[in-house]
Amino acid sequence: MSESVRLDAWIWAVRITKTRSAATAACRGGHVKVNGLSAKAAQPVRIGDEVRVRIAGFDRIVEVRQLLVKRVSAPLAAAAIEDRTPPRPDPVDAQMVPRRDRGAGRPTKRERRELDRLRGRD
């Protein structure tokens with residue numbers, strides 16, 4: 001087998017994205033990084049590379065353990081990667097972000113100070 005594989009084909013083969021075109025679109029949109037650098041769809045991926053894919057606002061961090069060109073079963077795909085993704089925070093534990101109602105206008109000075117206090121910008 002070759003020493004490297006196209007990034008978009010590998011992301012699709014290990015089932016990080018559902019389609020290859022979705023993998024290509026993620027690369028074009030800047031949502032994929034290889035070893036900390038933004039990557040294009042045709043960039044070669046090698047064993048030992050760290051791949052970060054932003055999906056639904058969260059980064060999925062995986063290390064390449066095996067090079068795959070074609071989509072394989074889920075157990076084989078799981079064996080081809082080492083998942084280093086940190087666990088997502090529980091919605092209850094996640095910090096509430098203060099939001100203003102749409103059309104409420106600009107915040108008053110008092111409201112702005114309260115928002116700054118909530119965000120820790122004293």
Side-chain angles (χ1 to χ4, degrees):
M1 189 164 220
S2 64
E3 294 181 19
S4 63
V5 177
R6 276 181 64 107
L7 177 62
D8 59 347
W10 186 82
I11 290 173
W12 167 73
V14 295
R15 297 172 173 260
I16 294 176
T17 59
K18 288 187 178 184
T19 63
R20 179 146 175 209
S21 60
T24 305
C27 292
R28 275 197 198 124
H31 301 291
V32 180
K33 294 186 178 189
V34 175
N35 297 326
L37 301 172
S38 254
K40 293 184 178 182
Q43 178 172 336
V45 176
R46 294 176 174 78
I47 293 175
D49 285 349
E50 179 188 78
V51 179
R52 289 176 177 254
V53 183
R54 181 162 285 268
I55 299 173
F58 292 96
D59 280 349
R60 177 122 188 246
I61 305 167
V62 295
E63 183 179 330
V64 180
R65 288 284 172 213
Q66 185 180 354
L67 298 176
L68 300 173
V69 179
K70 295 185 178 182
R71 197 162 170 100
V72 294
S73 66
L76 291 175
I81 63 173
E82 180 182 330
D83 200 351
R84 295 183 179 172
T85 307
R88 289 187 181 181
D90 292 333
V92 176
D93 295 336
Q95 182 180 1
M96 290 293 294
V97 177
R99 301 215 182 248
R100 292 182 52 80
D101 293 331
R102 188 171 177 92
R106 292 180 61 176
T108 63
K109 191 172 191 176
R110 179 179 180 183
E111 290 171 338
R112 193 181 70 245
R113 285 181 178 158
E114 289 173 358
L115 288 171
D116 287 345
R117 209 171 299 121
L118 277 173
R119 292 178 179 151
R121 298 182 193 162
D122 285 340

In short, A77 meets A13 closest at the heavy-atom pair CB-O, 4.2 Å

Hits for side-chain hydrogen bond (donor to acceptor under 3.5 Å, both in side chains) against R15, two or more places apart or cross-chain, chain-then-number order -> none

Closest non-hydrogen atoms of I16 and W10, given as atom of the first, atom of the second and distance, are CD1-CZ3, 4.4 Å

Sequence neighbours excluded, the answer for side-chain hydrogen bond (donor to acceptor under 3.5 Å, both in side chains) partners of T17 is none

Hey, does L68 have a side-chain heavy atom less than 4.5 Å from the side chain of V5?
no

For residues 62-74, the salt bridge (Lys or Arg N to Asp or Glu O under 4.0 Å) pairs (sequence neighbours left out) are E63-R65, E63-R84, R65-E82

Please tabulate, for the side chains in residues 104-112, all donor-acceptor contacts under 3.5 angstrom to protein atoms that are two or more places apart in sequence or on a different chain.
from : atom 1 : to   : atom 2 : distance (Å)
T108 : OG1    : E111 : N      : 3.2
E111 : OE1    : R100 : NH1    : 3.2
E111 : OE1    : T108 : N      : 3.0

Per side chain to side chain contact (heavy atoms under 4.5 Å, CB included), I11 is matched among V45, V62, V53 by V53

(message) Do L7 and I81 land in one hydrophobic cluster if side-chain heavy atoms of ILVMFWY residues count as linked below 4.5 Å?
(response) yes

Is it the case that one hydrophobic cluster holds both I47 and V72, taking links as side-chain heavy atoms less than 4.5 Å apart, direct or via other members? yes

N/O donor-acceptor pairs under 3.5 Å from side chains in residues 22-38, not counting sequence neighbours:
from : atom 1 : to  : atom 2 : distance (Å)
T24  : OG1    : D8  : OD2    : 3.0
T24  : OG1    : R20 : O      : 3.0
N35  : OD1    : E50 : N      : 2.9
N35  : ND2    : D49 : OD1    : 3.2

Contacts of T85 meeting side chain to side chain contact (heavy atoms under 4.5 Å, CB included) (sequence neighbours excluded), chain-then-number -> R60, I61, D83

